[in-house]
Trainee: 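Submitted below is the structure of interest, expressed as structure tokens.
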Amino acid sequence: MAETSAFREAVGGWANGGPGERARELAGRLGVRTAVLLEGLSDLAAVETLAARQGRDLAAEGVCVVQMAGAMNVGRYALTLGPPGLGLRLTGLCDIRERPFYERGFGRAGAPADAVFACSDDLEDELVRALGTARVEELVLAEGDDRAWQTFLRQPAQLGRPRPQQLRRFLGTKKGRKIRYGHLLVEALGPGQVPAPLTHLFASL
């Protein structure tokens, strides 16, 4: 796990203009063959949680999941990790509105665009719809966030909005909340509830 974190850090440094020797060394040592490019930390939490639930050791399978701190960085990460750089197979998960960034980035790196799996809006939307709003509100209560949730609902901007939209917005209103719930929402999924983009992503690995 420590070496995987070191690899991610080395890749980030290389993608941002630093040297690539450390990333190459660690890729070889770890046997990395596939890189999954994610927009941010909440997506990383969800994917790693789902892998654990499915009993998959992605590192042992030669898969490294990398968060890029924003979809607009995908071009640099694809060039770093894909055929022009480490020569890894690329795949990714993104919000539907960010898909054009991924397609252009993968295209410039010589990676197939059909390896990108897009959520209908974003991953939180997929998870909220999969679980249902009542179940998500139960999780909010169980996490001790009920008071913050009720305060949020009284905000003028939230009055009359559909409950799924309110929940998605609430998850992003406090630093770290999306990451925490990225884990919790996936943990709460029952049989047959894994959203299609995540199902397709894992089937491709």
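Just so you know, these numbers use all the heavy atoms, side chains as well, and skip hydrogens, waters and symmetry mates.
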Trainee: Please identify each residue that fulfils side chain to side chain contact (heavy atoms under 4.5 Å, CB included) with Asp114, with sequence neighbours left out.
Mentor: Pro112

Trainee: Tabulate below the donor-acceptor pairs under 3.5 Å that side-chain atoms of residues 182-192 make, not counting sequence neighbours, or state none.
Mentor:
unit_1: His183; atom_1: ND1; unit_2: Thr49; atom_2: OG1; d: 2.8

Trainee: Kindly write out the residues that satisfy side-chain hydrogen bond (donor to acceptor under 3.5 Å, both in side chains) with Glu138, not counting sequence neighbours, or none if the list is empty.
Mentor: Arg135

Trainee: Below 4.5 Å, heavy atoms only, C-beta onward: do Cys119 and Asp125 meet side chain to side chain?
Mentor: no

Trainee: In the single-linkage hydrophobic clustering (I, L, V, M, F, W, Y; side-chain heavy atoms under 4.5 Å), do Met72 and Leu123 co-cluster?
Mentor: no

Trainee: Got a sec, which hydrophobics cluster with Ile96, joining ILVMFWY side chains under 4.5 Å apart, including via others?
Mentor: none

Trainee: Parallel, tilted or perpendicular for Trp149 and Phe170, by the 30°/60° rule?
Mentor: perpendicular

Trainee: Residues in side-chain hydrogen bond (donor to acceptor under 3.5 Å, both in side chains) with Arg8, at least two apart?
Mentor: Glu48

Trainee: For Glu9, I'd like to know if atom CD has over 12 heavy atoms of other residues, nucleotides or ligands within 6.0 Å.
Mentor: no

Trainee: Side-chain donor-acceptor pairs under 3.5 Å in residues 36-47, sequence neighbours left out?
Mentor:
unit_1: Glu39; atom_1: OE2; unit_2: Asp95; atom_2: N; d: 2.7
unit_1: Ser42; atom_1: OG; unit_2: Glu124; atom_2: OE2; d: 3.4
unit_1: Asp43; atom_1: OD2; unit_2: Gly40; atom_2: N; d: 3.3

Trainee: Assigning hydrophobic clusters by single linkage (Ile, Leu, Val, Met, Phe, Trp, Tyr; side-chain heavy-atom cutoff under 4.5 Å), is Leu81 placed with Leu205?
Mentor: no

Trainee: According to a 4.5 Å side-chain heavy-atom criterion applied to Ile, Leu, Val, Met, Phe, Trp and Tyr, with indirect links allowed, do Leu58 and Val32 form part of one hydrophobic cluster?
Mentor: no

Trainee: At what distance, to the nearest 0.5 angstrom, does OH of Tyr102 lie from CZ of Phe117?
Mentor: 12.0 Å

Trainee: Under the rule for ring pair (Phe, Tyr, Trp, His ring centres under 6.0 Å), what residues qualify as partners of Tyr77, not counting sequence neighbours?
Mentor: none

Trainee: How close do Glu98 and Ala71 get, counting heavy atoms only, and between which atoms?
Mentor: CB-CB, 3.6 Å

Trainee: In the hydrophobic clustering that connects Ile, Leu, Val, Met, Phe, Trp and Tyr at side-chain heavy-atom distances below 4.5 Å, which members other than Leu141 occupy its cluster, ordered by chain and number?
Mentor: none

Trainee: Salt bridge between Asp145 and Arg180, side-chain N to carboxylate O under 4.0 Å?
Mentor: yes

Trainee: Examine Val194 and Leu139 and state if one hydrophobic cluster contains both, with Ile, Leu, Val, Met, Phe, Trp and Tyr joined whenever side-chain heavy atoms are less than 4.5 Å apart.
Mentor: yes

Trainee: Do Ile179 and Leu50 share a hydrophobic cluster, counting only Ile, Leu, Val, Met, Phe, Trp and Tyr and linking them when any side-chain heavy atoms are less than 4.5 Å apart?
Mentor: yes

Trainee: Would you say the side-chain atoms of Glu3 pair up with the backbone N or O of Leu26, donor to acceptor, closer than 3.5 Å?
Mentor: no

Trainee: Can you name the residues that form a side chain to side chain contact (heavy atoms under 4.5 Å, CB included) with Pro164, not counting sequence neighbours?
Mentor: Val128, Thr133, Pro162

Trainee: Are Arg24 and Glu21 close enough for a salt bridge, meaning some N to O gap below 4.0 Å?
Mentor: no

Trainee: Test of understanding: with side chain to side chain contact (heavy atoms under 4.5 Å, CB included), list the residues that count as partners of Ala142, not counting sequence neighbours.
Mentor: none

Trainee: Among pairs that include at least one residue of residues 101-112, which meet salt bridge (charged side-chain N to carboxylate O under 4.0 Å, His left out), considering only residues two or more places apart or in two chains?
Mentor: Arg99-Glu103

Trainee: Not counting sequence neighbours, list each pair that qualifies as a salt bridge (charged side-chain N to carboxylate O under 4.0 Å, His left out) and has a residue in residues 146-167.
Mentor: Glu137-Arg163

Trainee: Can you tell me how far the SG atom of Cys94 sits from the CE atom of Met68, to the nearest 0.5 Å?
Mentor: 8.5 Å

Trainee: Under a 3.5 Å distance rule, please check whether Arg56 uses its side chain to pair with a backbone N or O of Phe202 as donor and acceptor.
Mentor: yes

Trainee: Given 3.5 Å as the limit, does a donor-acceptor pair link the side chain of Arg33 with the main chain of Glu61, or not?
Mentor: yes

Trainee: Do Gln155 and Thr173 have side-chain heavy atoms sitting under 4.5 Å apart?
Mentor: no

Trainee: Which heavy atom of Thr91 sits nearest to which heavy atom of Ala115, and what is that distance?
Mentor: OG1-O, 2.6 Å

Trainee: Between CD of Gln193 and CG of Leu131, what distance do you get to the nearest 0.5 Å?
Mentor: 5.5 Å

